[in-house]
Amino acid sequence: MSAPLPAELKEFMRKLAREAVREVMIEMLGGVQPNTPDQWIDLEDAWEKLGYPSYSALYKTVQSGLFREGKEVRDRRKPGAKNAKWQINIELANKRLMQAGEKRSRR
């Protein structure tokens, strides 16, 4: 039986293992950092990525309230502008679309 390792050595080994796993994951993801910030894109560019047949179909979905303002979509219009300039978070929108209808809440 081996002697127990000192606490400092255990912590060093954990950090070394975490860094090795992190580097492998970054390589597996094609060099992309796993902690990328939320990506917000304009609706005009998002409809294809979300699988909608057209921009107007995605716009109607936003207007219907499926995507919640402040969560999956946000209005980025200039102060005093009449028309909304919608942006959508692709990751959050995909999560919302994958939820069963009865599990979606308006909160």
Can you list everything that forms a side-chain hydrogen bond (donor to acceptor under 3.5 Å, both in side chains) with [X]? Sequence neighbours excluded, please.
| X | answer |
| --- | --- |
| K85 | D42 |
| Y55 | none |
| R76 | none |

Report the residues that fulfil salt bridge (charged side-chain N to carboxylate O under 4.0 Å, His left out) with E11, sequence neighbours left out, ordered by chain and then residue number. R14
So how far is it from [X] [atom1] to [Y] [atom2], rounded to the nearest 0.5 Å?
| X | Y | atom1 | atom2 | answer |
| --- | --- | --- | --- | --- |
| L97 | L92 | CG | CG | 11.0 Å |
| L43 | L58 | CG | CG | 5.0 Å |
| Q39 | N89 | CD | CG | 8.0 Å |
| F67 | R96 | CZ | CZ | 8.5 Å |

Which pairs would a plain distance check flag for residues 44-53, meaning a side-chain donor or acceptor within less than 3.5 Å of a matching protein atom at least two apart in sequence or in another chain?
{"residue": "W47", "atom": "NE1", "partner": "E44", "partner atom": "O", "Å": "3.3"}

Residue pair W40 / K71: nearest heavy atoms and the distance that separates them: CH2-O, 3.2 Å
For R77 and A84, which heavy atoms make the closest approach, and how far apart are they? NH2-CB, 3.7 Å
What do the steps show when you test D75 against E69 for side-chain contact (heavy atoms from CB on, under 4.5 Å), and what is the final call? CA-CA 8 Å; D75 183 359; E69 188 171 356; 3.7 Å; yes
Side chain to side chain contact (heavy atoms under 4.5 Å, CB included) partners of E23, counting only residues at least two apart: E19
Step by step, work out the side-chain contact (heavy atoms from CB on, under 4.5 Å) result for K95 and E91. CA-CA 6 Å; K95 281 184 186 178; E91 182 181 339; 4.1 Å; yes
Would you mind reporting whether Q63 and W86 have side-chain heavy atoms less than 4.5 Å apart?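 SC-SC contact between W86 and Q63 confirmed.
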